[in-house]
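Just so it is clear, the structure is predicted and the values come from calculations on it, not from any experiment. All chains are named by letter (A, B, ...) in the order of the sequence lines, taking the proteins before the strands, and each is independently numbered beginning at 1.
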There are 2 protein chains.
Amino acid sequence: MEKTGKPTINDVARIAGVSKKTVSRVINRSPLLNQDTRARVEAVIAELGYVPNVQARALALRHNFLLGLIHDNPNAQMVMNVQAGILEAIRDTEFELIVRPIDRGSSTMLADVRAFLERQRLYGVLILPPVSENDMLADVCNDLGTRYVRMGSTALDAPEHMVASNDSDVVVEAVNHLISLGHSRIGLIAGPHGFRSARERRKGFEQALSEAGIKLPRSLIADGNYTFESGLAAADRLLDLSPRPTAIFASNDEMAAATLHAARRRGMSVPEDLSIIGFDDTAIASHIWPPMTTVHWPIISMGRSAALKLLADFFGDDQAVEEPSLFPSTLIHRASVAPPRAGS
Amino acid sequence: MEKTGKPTINDVARIAGVSKKTVSRVINRSPLLNQDTRARVEAVIAELGYVPNVQARALALRHNFLLGLIHDNPNAQMVMNVQAGILEAIRDTEFELIVRPIDRGSSTMLADVRAFLERQRLYGVLILPPVSENDMLADVCNDLGTRYVRMGSTALDAPEHMVASNDSDVVVEAVNHLISLGHSRIGLIAGPHGFRSARERRKGFEQALSEAGIKLPRSLIADGNYTFESGLAAADRLLDLSPRPTAIFASNDEMAAATLHAARRRGMSVPEDLSIIGFDDTAIASHIWPPMTTVHWPIISMGRSAALKLLADFFGDDQAVEEPSLFPSTLIHRASVAPPRAGS
DNA sequence: TTGTACGCGTTATCAT
DNA sequence: ATGATAACGCGTACAA
């Protein structure tokens with residue numbers, strides 16, 4: 001014991017006058033343990049300041065006390081928010097978070113993830129959209145026996161493996177809001193085709209217009225890919241139209257900010273000349289001028305909940321955390337929306 | 001071997017007809033090895049698809065193949081950028097990144113970090129500002145024999161432990177730019193007192209004015225704490241002055257964006273009525289309207305370099321990565337700066 | 001240059 | 001309810 005300075009399970013066992021295994025049982029909260037023995041061992045543990053060696057446990061248990069965050073995401077703020085939620089969930093536990101960005105486009109992506117999971121033997125992984133939409137990734141996890149939870153804009157998996165929002169519903173609400181204000185020429189800046197979230201948001205957009213009996217010419221839909229630059233180009237395309245749309249729904253905040261940017265660049269006033277609604281409620285939405293109406297996506301809560309789902313069987317029945325799987329998004333009203341100008 | 005399906009070092013040794021130790025030497029690139037033996041073992045490794053078990057290595061070596069990122073940072077974008085740099089550095093290595101936010105204000109902070117390092121036995125840690133300015137944290141690392149690299153706005157430690165920028169110099173340049181345009185009533189939105197970066201930026205600000213012979217009334221300095229909200233309050237204080245400043249330097253982009261926000265809220269035009277310069281060159285600086293002149297802080301490069309410094313003795317002489325310790329920031333000219341209005 | 005025996009600190013098996 | 005002993009997979013003396 002004196003060699004490294006750190007007490008081991010052997011030291012605890014010797015001093016407490018029990019076997020290693022008994023100490024191990026105390027650590028792992030084994031139910032079949034005499035109360036007195038447990039108390040005695042715990043006293044020694046406290047006295048020695050003994051802390052189990054995680055590397056040794058990992059070797060014996062064949063898994064680490066680590067959670068993985070797998071993502072391939074264009075939106076830094078979103079990744080940060082998810083991280084914040086996860087870290088909140090594992091605060092004061094022995095778990096840590098390891099971040100693993102991957103390249104969705106790479107042909108070796110699945111093999112890379114598999115190698116990563118095999119090597120690190122994580123307790124479980126959280127998978128962010130858009131790569132969370134790839135079912136083959138979930139297959140790899142199942143194959144390797146790695147717990148996983150996917151995050152997404154709609155349910156893609158069983159509740160224990162999924163934390164989802166209801167993108168299309170809330171977009172219907174957002175567009176209805178524009179319609180109720182008198183808008184009828186409403187443009188959409190869509191997200192990239194491969195993204196389920198992009199499809200869901202577009203679906204909600206089209207549904208709202210259709211339910212209101214408004215015809216949607218193809219020209220009012222401009223494709224973007226969730227980046228600011230693509231939003232700029234898409235907004236320019238929309239604003240070059242004649243007549244111009246009086247309102248634009250952008251599929252994320254970044255592109256909504258770009259729309260505002262494009263409008264101001266050509267001297268238009270927002271919301272007087274153009275109403276804009278974004279999606280995500282990232283920091284930029286409330287920081288730009290005018291503050292932007294957007295959809296709040298409860299991403300921090302989703303991250304926390306996803307982590308708790310992953311840890312559910314670790315906590316056991318103690319907490320019985322029945323984490324929800326659906327997190328409704330909500331429309332945040334700010335200053336980028338107004339009725340259309342008379343006669344426009 | 002057939003039990004878990006995964007080949008171990010023993011399998012490789014048996015099939016290659018050598019001892020475990022020899023295989024171990026191959027894995028660890030031991031120089032004293034017969035070339036033939038090495039080739040033979042490597043062939044078996046490839047054939048079996050053998051991958052060393054990191055948990056077992058961690059136990060034997062007493063350290064993991066993990067890098068830690070310790071931070072207590074108000075700026076999400078900055079943390080993301082550092083992460084991006086680090087992850088770029090460890091891509092294609094066996095290292096992974098584990099993220100550890102801490103509470104700078106907590107009285108148990110040092111003890112928490114110590115416990116974290118003792119438990120995880122990381123290969124090394126990167127420490128972000130502002131907590132990187134705390135020398136006691138470095139002491140803890142030294143004490144535990146954990147490699148560390150600190151990031152900061154000025155050199156705080158030996159080169160092998162430090163990656164720094166030159167905040168005060170570049171702020172001098174930024175303010176000189178304003179002065180050369182004819183500004184003389186220039187306001188400062190300072191960062192929080194505890195931050196070295198805040199002090200450095202303020203130092204540069206005061207130095208530039210002093211060198212130009214411009215007197216700086218105390219009222220032209222408003223305190224902020226790097227958040228958008230604090231920037232809003234500080235900007236309002238400055239803009240309530242009479243006469244008003246014709247230009248404002250904000251110690252980070254978040255507060256610069258808030259300054260723009262505050263100016264527009266009261267109907268002012270930027271840059272016509274007010275020039276603004278920020279610091280960080282985060283995404284918001286180029287996304288808002290008008291695009292904001294700011295200081296580009298090469299944070300991604302710094303993150304990458306910091307990680308490479310940490311891994312220097314792992315790579316050994318192979319790469320001999322003499323990573324730089326100083327990363328000069330540069331002024332990015334955009335559209336939020338113009339000469340003051342005549343007569344103002 | 002290569003092999004043997006043992007240590008790293010924990011959990012699992014199977015007794016009692 | 002508790003203990004002796006064998007894994008877990010790899011690295012290191014030290015010997016050969």
Item to complete: Tell me which of B/Val18 and B/Arg121 sits closer to the 5' end of DNA chain C, going by the nucleotide each one is nearest to.
Response: B/Val18
Worksheet item: Expressed in angstrom and rounded to an integer, what is the separation of A/Gln55 atom CD from C/dG9 atom P?
Response: 10 Å
Practice prompt. Take atom CZ of B/Arg38 and atom P of C/dT1, then tell me their distance rounded to the nearest Å.
Written response: 11 Å
Worksheet item: Should the ring pair B/Tyr148 and B/His161 be called parallel, tilted or perpendicular, given that the plane angle runs from 0 to 90° and is split at 30 and 60?
Response: parallel
Worksheet item: Rounded to the Å, how far apart are B/His63 NE2 and C/dG9 P?
Response: 15 Å
Response to the item:
A correct 5'-to-3' footprint of nucleotides 10-16 of chain C, with B, S and - meaning base, sugar-phosphate only and no protein heavy atom under 4.0 Å, is BBB----
Item to complete: Output yes when at least one side-chain N/O atom of A/Thr37 is less than 4.0 Å from OP1 or OP2 of D/dT2, else no.
Response: yes
Fill in: Length of the line joining B/Ile45:CD1 and D/dC10:P, which is rounded to integer Å
10 Å
Worksheet item: Taking 4.0 angstrom as the limit, do A/Lys6 and A/Asp11 come out as a salt bridge?
Response: no
Discussion item. Counting the atoms with a prime plus P, OP1 and OP2 as sugar-phosphate, which does A/Leu33 contact under 4.0 Å by heavy atoms, base, sugar-phosphate, or nothing?
Written reply: sugar-phosphate
Worksheet item: Is the shortest side-chain N to carboxylate O distance from B/Glu96 to A/Arg100 below 4.0 Å?
Response: yes
Fill in: Lys/Arg-Asp/Glu bridge criterion (N-O < 4.0 Å) met for A/Glu94, A/Arg57
yes
Discussion item. Regarding A/Arg150 and A/Asp135, does a basic nitrogen lie under 4.0 Å from an acidic carboxylate oxygen?
Written reply: yes
Response to the item:
B/Leu59 CG to C/dG9 C1', in whole Å, measures 6 Å
Item to complete: Please state whether the phosphate of D/dG3, meaning OP1 or OP2, lies under 4.0 angstrom from any side-chain nitrogen or oxygen of A/Thr22.
Response: yes
Worksheet item: Using the ring of each side chain (for Trp, its six-membered ring), is B/Tyr123 parallel, tilted or perpendicular to B/Phe65, with breaks at 30° and 60°?
Response: parallel
